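We use all heavy atoms of the structure for the numbers below, so side chains are in, but hydrogens, waters and symmetry mates are not. Residue numbers run from 1 in the order of the sequence given. Just so it is clear, the model here is predicted, and its values are computed rather than measured.
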Amino acid sequence: MLIMKKIIFLILIFISIKLPILAENRWNIYAGGSISHLCEKPWISSDKSYGWGGGAFLGGGYEINFNSHWNLTPQFEFSYINNGATLSSSELDFYSNHSQWKNTWNVSIPILMGFRFPINDKLKFRIAAGPYIMESICGKYYGFGSSEKDKLSGNIGLRTNVGLMGEISLETGKHLAIMFRPQYPFLKEGWIRKTLTLAIGLHYYF
């Protein structure tokens, strides 16, 4: 039994060493801009819609290629998100328009499963999707009835959220790709909640 465990252990070590060579795994970095929208109707005016807020993101990942089509990419990302929770209504005063507005600085870990296929000799198309976990580091909000921005505060439970991320990318050659990503958090409470984020950016593969 002990010998069998050693054999299995040696096989796993061998696979972990050889896989990056056989599968041609690669590192990548990416960056871009985003827009975000708080996807809920405000309690103060149920027939009005929130606006969109601008943001940005920067990250890197490691693409594990199982074959020429399937791949898995764990990533680490920094982002700024403005949830856009300002009502576009002249009927409401400043405080009502900004009562649920927030901006946050975040770190997240997306893990995306992707499928890549060639369009022609120079272009490849990739689709991917997977879960992510996000931790908000800091942020600001307008307190209800106040025109001053204040720092968000709260424990790790309010700062943490999990969600689903998708990605569509067009690869031009071996190194550069243009990508579009939607992401949406699942947890209803916390700093980042019900906030749909749409992002566009560039990937660079090493």
Side-chain angles (χ1 to χ4, degrees), residues 23-41 49-85 102-120 122-137 139 159-206:
E24 298 183 354
N25 302 337
R26 55 183 182 169
W27 293 94
N28 67 81
I29 56 174
Y30 59 90
S34 65
I35 54 175
S36 298
H37 177 74
L38 184 59
C39 297
E40 65 177 358
K41 292 183 178 180
S49 297
Y50 285 123
W52 291 82
F57 61 96
L58 172 68
Y62 186 66
E63 184 180 84
I64 303 169
N65 288 290
F66 303 110
N67 52 45
S68 60
H69 297 292
W70 290 100
N71 50 76
L72 183 69
T73 309
Q75 300 174 338
F76 185 82
E77 179 180 309
F78 295 94
S79 66
Y80 166 78
I81 293 177
N82 178 332
N83 72 359
K102 291 184 180 70
N103 67 22
T104 55
W105 294 88
N106 319 277
V107 294
S108 59
I109 301 176
I111 301 177
L112 304 181
M113 188 72 186
F115 181 81
R116 175 185 290 111
F117 60 91
I119 299 174
N120 55 41
K122 296 183 179 181
L123 295 177
K124 292 182 179 179
F125 188 78
R126 178 176 178 266
I127 56 175
Y132 70 90
I133 182 169
M134 175 181 286
E135 180 73 14
S136 297
I137 303 171
R159 296 168 180 260
T160 304
N161 214 312
V162 294
L164 183 65
M165 177 182 292
E167 183 175 303
I168 301 172
S169 61
L170 183 65
E171 301 179 356
T172 58
K174 294 183 178 180
H175 299 289
L176 193 63
I178 303 169
M179 67 173 182
F180 170 75
R181 300 195 319 183
Q183 67 180 65
Y184 184 78
F186 291 151
L187 303 185
K188 296 181 180 180
E189 302 300 328
W191 293 7
I192 296 293
R193 61 184 180 87
K194 298 183 179 180
T195 302
L196 172 66
T197 299
L198 304 177
I200 188 169
L202 294 175
H203 264 293
Y204 185 83
Y205 293 92
F206 295 96

_Heavy-atom closest pair, residues Gln75 and Leu112_ = OE1-CD1, 4.1 Å
*Quick one: which residue pairs count as a side-chain hydrogen bond (donor to acceptor under 3.5 Å, both in side chains) with a foot in residues 170-180, not counting sequence neighbours?*
Arg116-Glu171
*So do Arg126 and Thr73 actually touch side chain to side chain, heavy atoms under 4.5 Å?*
yes
*Mind checking whether Trp105 and Phe78 have side chains closer than 4.5 Å, heavy atoms only?*
no
_Please verify the inter-ring angle class for Tyr62 with Trp27; under 30° counts as parallel, over 60° as perpendicular, anything in between as tilted._
tilted
*Does Leu164 CG have over 12 foreign heavy atoms under 6.0 Å away?*
yes
*Hey, are the side chains of Leu170 and Ile119 touching, using non-hydrogen atoms and a 4.5 Å cut-off?*
yes
*Indicate the atoms forming the closest heavy-atom contact of Phe76 with Ile109, along with that distance.*
CD1-CG1, 4.0 Å
_Side-chain heavy atoms of Arg193 within contact of Lys188, under 4.5 Å_ = no
*Can you list the residues that meet the salt bridge (charged side-chain N to carboxylate O under 4.0 Å, His left out) rule with Lys124, with sequence neighbours excluded?*
none
*Gap separating the CZ atom of Phe180 from the CD1 atom of Ile127, nearest 0.5 angstrom*: 14.0 Å
Which donor-acceptor pairs under 3.5 Å do the side chains of residues 197-205 make with protein atoms, sequence neighbours left out?
| from | atom 1 | to | atom 2 | distance (Å) |
| --- | --- | --- | --- | --- |
| Thr197 | OG1 | Ser36 | OG | 2.9 |
| His203 | ND1 | Asn28 | OD1 | 3.3 |
| His203 | NE2 | Glu167 | OE2 | 3.3 |

*Taking the side chain as every heavy atom from C-beta outward, state whether Met134 and Trp191 have any pair of such atoms under 4.5 Å apart.*
no
_Using side-chain heavy atoms (C-beta onward) and a distance below 4.5 Å, is Tyr132 in contact with Asn161?_
no
*asked:* For a 4.5 angstrom cut-off between non-hydrogen side-chain atoms, does Trp52 reach Leu196?
replied: yes
*Quick one: pull up CD1 in Ile178 and CD1 in Ile168 and give me the separation to the nearest 0.5 Å.*
13.0 Å
_Can you give me the closest heavy-atom contact between Met179 and Phe57, atom names plus distance?_
CE-CE1, 3.4 Å
*Which value, rounded to the nearest 0.5 Å, describes the distance between Asn83 atom CG and Thr104 atom OG1?*
8.0 Å
_Residue pair Ser34 / Tyr80: nearest heavy atoms and the distance that separates them_ = OG-O, 4.3 Å
*Say you draw a straight line from CG of Leu72 to CG of Asn65; how long is it, rounded to the nearest 0.5 Å?*
10.0 Å
*Roughly how far, to the nearest 0.5 Å, is the OG1 atom of Thr195 from the OH atom of Tyr184?*
8.0 Å
*Are any side-chain N or O atoms of Asn103 and backbone N or O atoms of Ile81, one a donor and one an acceptor, separated by less than 3.5 Å?*
no
*Side chains of Ile29 and Phe206: does their closest heavy-atom pair fall under 4.5 Å?*
yes
_For the backbone of Gly51 and the side chain of His37, can you confirm whether one donor and one acceptor N or O come within less than 3.5 Å of each other?_
yes
